[in-house]
Amino acid sequence: MSYDVLRAISAEHVDALASGATLLGSGGGGDVALGALLLRRMLEREGAEPVPVIASDELPVDALVVHAGVGGAPDVLAERLVDPDDCARAVEAVVAQTGGRLAAVGVIEIGGLNALMGVIAAARLGVPVIDGDLMGRAFPRLDQATLTVAGHPIAPMALVGPLGDTVLVTRSSAAAAQALMVSSAAAFGGAATLAMFPTTAGTLVEHGVRRSLSVCVGLGRAFLAVDADAPATVAAEQIGGRLLCEGRVDQVRPREGRVPGSITLIDRHTGGVVRVDHLEEYLAVTIDGRTVVSAPEVIVALDHRARCPIRTDEVRLGQSLALATLPALHDWPSEVAAAVGPAGFGLRVEEPA
Amino acid sequence: MLRLGIDVGGTNTDAVLIDGQLVLAATKAPTTSDVTTGIVTAIGRLREEAGFDPADVAAVMIGTTHFINALVEGSRLAPTAAIRFGLPATSALPPLVDWPAALSKTIGGHSYLCHGGHEYDGSRIADLDEQEFRDVLDKAVQGGARSFAISSVFSPVNAEFELRAAEIIAEQLPGAPVSLSHEIGRMGLLGRENATIINAALRELAENVTTGLTETVLGAGIQAPVFLSQNDGTLMDVDHARRYPVATFASGPTNSMRGAAFLSEQSSCAVVDIGGTTTDVGILQNGFPREASTDVAVAGIQTNFRMPDVLSVGIGGGSHVGSGPIPEVGPQSVGYRLTQQALVFGGDQLTATDLAVAAGRADIGDAARVAHLDPAVVRAALDGVAGRIAEVVDRMRLSAEPIPVVAVGGGSILVPEQLDGASVVVRPEHYAVANAIGAAIAEVGGEVDRVFSVEPGRRDAVLDEARQEAVDRTVAAGARPGSVRVVDIEEVPLAYLPGNATRIRVKAVGELSLGGNDA
């Protein structure tokens, strides 16, 4: 599907942005509602300017872009909330380290809460936000970003806690950056605002996921326009997706640590057995022993009522779900399947014997 | 042991008298604006009908939509101060931030932030600054606030600041109503806080209503304790209701489903409630409605209450019937004008009710007025209706196994005797007073919803600990020890947190302990 190019984000875009981000979250990426509240409040404030949206190729090739977001436990964010000032502080800490003038803020992942956090950081800092991101959906790890895959450094990276405590990582491998992010977030009570991937606009033209903010808002608009009574096939089509199955949740196996959990559904129409593997996000759908969709493609679970997207932590036994898939926003090179595909989560793609 | 169940709805006040599993009498009276007159009338009619001795009534259970209506209408709300402990965190979204402007203004718009709050592990974000809190309190009182809603970050894990705030208010403003978020809502600050503010705003009304209810029941010569129905289908005593009016919000649909299930002697079933315009389908598991997994907004305010999971479809007794060989039924409906506009009632609109009469399923109005309808078309239309109802039931039920379907409501004649996916279709008597029956049969409940640290190999021990806590709370809420059982357990590992933090929610219920006569 092609969507209009977004030039600026104002209060009227917040619902569509949040809705699109929820869909691209592939069942994870945290609670978008928190980001929507924050952003709406910032943009509705008297005298607030819309946040300009700019494509990476519209900036000088050497223009500095820093990526901003939050990391940590959604349940902690739901209690302690997020402060846009902390986001801005994290970006400023990275800029102070790299030197130069910040031209724009980038979105780390377009799926879930972080789609909005990038826009919020840009709004607070008074700079444009890049029409793009680094994942094309939501992923749990920093090695699953396009820039990491392209060999680009994550650091300098800054993490800011709710009391203003700041951790600045000046140099780091991808693995260490991930471990430092997790342990710093833990030290800050389970969540932190982050800034990372300082880069140039030119690098993003080459290695970023492009136009994903425009796609996100367009997708959200299309989804919000779907009639609540529309059959799931129609709902899936209207968002440019494909319906995989409709069925009832027969079994819920929670994840254990980093080992993915799964949900089993029975297809209402065919009686087929459908397994959905998930960690924080839905990762793969396997029907009757054959994997039909897997990450980095986006998997959406829609509740039978109001057709609202259901996160992995909201799935309940006996619930009726419609599963659909959206095409990946990024054309990942095949050699990185080990990072962003099922294998990156310790899953095996199944083919019938 | 006699129980009196009363449902105060927007239009009617229903009353039933129950002895064990037996419905002795049921009646309806118009609801009055003062609530109590309608109840007095209903109890009076019940006495005429059943001739019971008020001294034999062991308990009075009341379900009411009075409080949720007050919020929706934005009337009779107390000026309320919303005070949160969370600084330096949470300042970007202060209390009342997501309320509709008009409703926030109605309760005075008093929103304050103080230092404090906790982390998920119970450690402090910041210490409580008592002077800061006392200053806020002064400001709120000067601003006209009479009721106080206190929230604190992660108070379900550690409630010390909310409790200390309550002590300070009790000391400075003796008797002022205080609502504490950890006693009202679940994890999730804004939803819990909103529920607490709503509760605080309803406290003055609750004082009046509960006092009125107690006096009314006493006035009818009934000395028995009075209970109110809660959202989850369990009971709270009248003193608890005075302090937690918000807990009555979803009691209407819950009581209706539980009442219907009780009447049909089913504890796990689908309840299909067909009114004039819509069909609402809910699921009961172990006698309790399955809850929706997403949060609900009440009067435009996001709360984290769980409401019964109900799926609606636009089919009712008054649904318009289209033309053609397989006519569409609904979603347009003549609604409450059914008795004027349907063919069988002398009107000129072909409705779903006319189809049921033409097919001989019901004897309502003048059947001669639908005798001209083509039987094949009638059958095709009714089959279509049955198919759609069956589809909704199918979407809602828990497994592929057929389940009992309990059909209630004025339009339940549209449910055929054989429904796809139904093991049996039951049409209980007295369903018109299902709400009051749901109230009368209610039990006492207790719940735990908290973050536990589940060390490897200790999952069972931690679950047992949570179970025990839920059972203890149920007994503390007035259940007879020994009758308490766990009805729901939910376990969600928290993402990205060390120490295997897991959110565990356990719900238990037990029979109401009524002194020595309930053995």
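Lettering follows sequence order; numbering is per chain, from 1.
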Any [X] side-chain heavy atom under 4.5 Å of [Y] side chain:
X: L81(A); Y: V153(B); answer: no
X: R316(A); Y: E490(B); answer: yes
X: D83(A); Y: S91(B); answer: yes

To the nearest 0.5 Å, atom CZ of R290(B) lies from atom CD of Q319(A) at 7.5 Å
When rounded to the nearest 0.5 angstrom, what is the spacing between CG in D98(B) and CG in L34(A)? 10.5 Å
Given that the side chain runs from C-beta out, which part of [X] has a heavy atom under 4.5 Å from chain A: side chain, backbone, both or neither?
X: R459(B); result: neither
X: V97(B); result: side chain
X: S181(B); result: neither

Cationic N near anionic O, under 4.0 Å, R192(B) to E79(A): yes
Is D394(B) salt-bridged to R248(A), going by a charged N under 4.0 Å from an acidic O? yes
Heaviest contributor of heavy-atom pairs below 4.5 Å to chain A, chosen from V313(B), L87(B), T90(B), is T90(B)
Heavy-atom pairs under 4.5 Å with chain A - which of S312(B), G188(B), A126(B) has more of them than the others? G188(B)
Under 4.5 Å from any heavy atom of chain B - which part of [X]:
X: R80(A); result: both
X: I266(A); result: neither
X: V252(A); result: neither
X: R268(A); result: side chain

Kindly check if the number of other-residue, nucleotide or ligand heavy atoms within 6.0 Å of CD (E328(B)) is above 12? no
Above 12 or not: heavy atoms from other molecules or residues under 6.0 Å from CG of D420(B)? no
If every non-hydrogen atom of Y120(B) is compared with every non-hydrogen atom of V76(A), which pair is closest and at what distance? CD2-CG2, 4.2 Å
Here the pair of heavy atoms bringing P162(A) nearest to P88(B) is O-CG, 3.9 Å
State whether the side chain of R41(A) and the backbone N or O of A92(B) hold a donor-acceptor pair below 3.5 Å, judged by distance alone. yes
